[in-house]
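Have a look at the structure below before the remarks.
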Amino acid sequence: RLVVSRDDGRMDALNIETGDSLWSETHRPAPAGTLRLSDSLVVYQFVQDQRPVVCLVDADTGKWIDAIMLGEKQSVEDLFVTLDDQIIVAGSGTILAFDADTRRPRWQVSLKGRLRRESLALDVDALYLSDDGRRVRKISLEDGATAWETEPLVPRSDDDLTVALQDAGV
């Protein structure tokens, strides 16, 4: 399926093969930024009282499921939904993982510095990122542990790193 969102909060799901409408629903507040999809969820975020809110919508029907209120005043750099419907929130100071069924946190990783959005890449079992502009870390989706970290790849942290996965599993 393909999900399209408008500024007024209307979302339309289309059959990706035919373009036929599967559902149409309006959600307010409207999504701010990226929509992420899995087989069962549409996930997006908006900001309320300077705090990010992550919204969950049923991908089959377009009906509202729930929202996860993030307690920190931080920007959300990106959102991801894993194959097992784990919701990954990449924020300005932390990476948070939530269980989509319970909406409870599964793990949290504190960042060492400024997160480079271009360095974020999701694979089947890991999230890759650079939070110092010099090294790339592999974070396990199971528990948030650092599986490995490279030696410095660039001499200065003001250079930006971009990470791309070949044949990413998601």
Side-chain angles (χ1 to χ4, degrees), residues 1-111 113-124 126-131 139 141 144 160 162-165 168-170:
R1 84 183 53 112
L2 179 71
V3 176
V4 180
S5 175
R6 299 186 333 198
D7 288 344
D8 65 359
R10 181 175 166 181
M11 287 185 190
D12 293 285
L14 307 173
N15 179 308
I16 202 160
E17 300 294 326
T18 65
D20 293 338
S21 178
L22 300 172
W23 54 259
S24 181
E25 292 286 335
T26 300
H27 297 284
R28 289 196 176 82
T34 305
L35 292 175
R36 296 293 186 187
L37 279 76
S38 70
D39 286 342
S40 61
L41 293 173
V42 178
V43 178
Y44 66 92
Q45 67 104 14
F46 68 90
V47 177
Q48 180 178 359
D49 298 326
Q50 299 179 337
R51 297 182 195 283
V53 179
V54 176
C55 301
L56 302 129
V57 172
D58 186 298
D60 290 328
T61 65
K63 301 294 183 198
W64 177 263
I65 296 175
D66 204 353
I68 301 170
M69 305 286 288
L70 301 181
E72 302 176 27
K73 289 184 179 181
Q74 67 169 333
S75 64
V76 172
E77 298 298 323
D78 213 339
L79 288 171
F80 299 97
V81 182
T82 65
L83 293 175
D84 64 347
D85 283 340
Q86 187 174 182
I87 300 162
I88 309 295
V89 180
S92 55
T94 57
I95 305 289
L96 300 163
F98 293 91
D99 182 286
D101 291 330
T102 66
R103 302 342 158 239
R104 291 197 172 115
R106 290 184 58 178
W107 51 263
Q108 177 176 331
V109 173
S110 294
L111 298 175
R114 184 177 67 87
L115 184 64
R116 272 59 175 182
R117 185 174 188 189
E118 297 78 14
S119 77
L120 288 167
L122 182 68
D123 201 2
V124 174
L127 180 69
Y128 300 89
L129 63 93
S130 175
D131 57 357
I139 305 295
L141 294 180
D160 279 334
T162 300
V163 174
L165 292 171
V170 290

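Computed over heavy atoms, backbone and side chain alike; hydrogens, waters and symmetry mates excluded. Remember, predicted model here, so these are calculated numbers, not experimental data.
In this structure Leu79 satisfies the side chain to side chain contact (heavy atoms under 4.5 Å, CB included) test together with Arg36, Val43, Gln45, Val54, Val76, Val89, sequence neighbours excluded. With sequence neighbours excluded, no residue forms a side chain to side chain contact (heavy atoms under 4.5 Å, CB included) with Ala30. Applying the side chain to side chain contact (heavy atoms under 4.5 Å, CB included) rule to Ser24 yields the partners Arg10, Asp12; only residues at least two apart in sequence or on another chain are considered. Listed by chain and residue number, nothing satisfies the salt bridge (Lys or Arg N to Asp or Glu O under 4.0 Å) test with Asp99 (two or more places apart in sequence, or in another chain). When the side chain to side chain donor-acceptor pair (under 3.5 Å) test is applied to Asp66, the partners found at least two apart in sequence or on another chain are Arg103. With sequence neighbours excluded, no residue forms a salt bridge (Lys or Arg N to Asp or Glu O under 4.0 Å) with Asp7. Under the side chain to side chain donor-acceptor pair (under 3.5 Å) criterion, Thr26 pairs with no residue at all, not counting sequence neighbours. Applying the salt bridge (Lys or Arg N to Asp or Glu O under 4.0 Å) rule to Asp8 yields the partners Arg6; only residues at least two apart in sequence or on another chain are considered. Annotation: side chain to side chain donor-acceptor pair (under 3.5 Å) contacts of Trp107 (sequence neighbours excluded): Gln86. Under the rule for a salt bridge (Lys or Arg N to Asp or Glu O under 4.0 Å), Asp85 has no partner lying at least two apart in sequence or in another chain.
In this structure, CG on Leu165 lies 5.0 Å from CG on Asp123, to the nearest 0.5 angstrom. Within the model, atoms CG of Leu115 and OG of Ser92 stand 8.5 Å from one another, a figure rounded to the nearest 0.5 Å.
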Worked verdict on Leu41 versus Ile65 for side chain to side chain contact (heavy atoms under 4.5 Å, CB included): CA-CA 9 Å; Leu41 293 173; Ile65 296 175; 3.6 Å; yes
Working for side chain to side chain contact (heavy atoms under 4.5 Å, CB included), residues Leu122 and Leu141: CA-CA 9 Å; Leu122 182 68; Leu141 294 180; 3.9 Å; yes
Stepwise side chain to side chain contact (heavy atoms under 4.5 Å, CB included) test for Arg51 and Leu70: CA-CA 6 Å; Arg51 297 182 195 283; Leu70 301 181; 5.8 Å; no
Test side chain to side chain contact (heavy atoms under 4.5 Å, CB included) applied to Ile139 and Ile95, step by step: CA-CA 10 Å; Ile139 305 295; Ile95 305 289; 5.8 Å; no
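Between Trp64 and Tyr44, the two ring planes are perpendicular [angle over 60°; tilted spans 30° to 60°].
Nearest heavy atoms, Gly62 versus His27: O-NE2, 2.7 Å. In this structure, Trp23 and Asp58 approach most closely via the heavy-atom pair CZ2-O, 4.2 Å. The two residues Pro29 and Phe46 have their closest heavy-atom pair at CG-CE1, 3.4 Å. Closest non-hydrogen pair, Leu111 versus Asp131, comes out as CA-OD2, 3.5 Å. Nearest heavy atoms, Ala59 versus Ser38: CB-O, 4.1 Å.
Applying the salt bridge (charged side-chain N to carboxylate O under 4.0 Å, His left out) rule to pairs touching residues 18-34 yields Glu25-Lys63, sequence neighbours excluded.
Of the residues listed (Leu22, Ile16, Asp39), the one engaging Arg1 in a side chain to side chain contact (heavy atoms under 4.5 Å, CB included) is Leu22, and it is the only one.
For Arg117 (side chain) and Glu77 (main-chain N/O), a donor-acceptor pair under 3.5 Å exists by modelled atom type.
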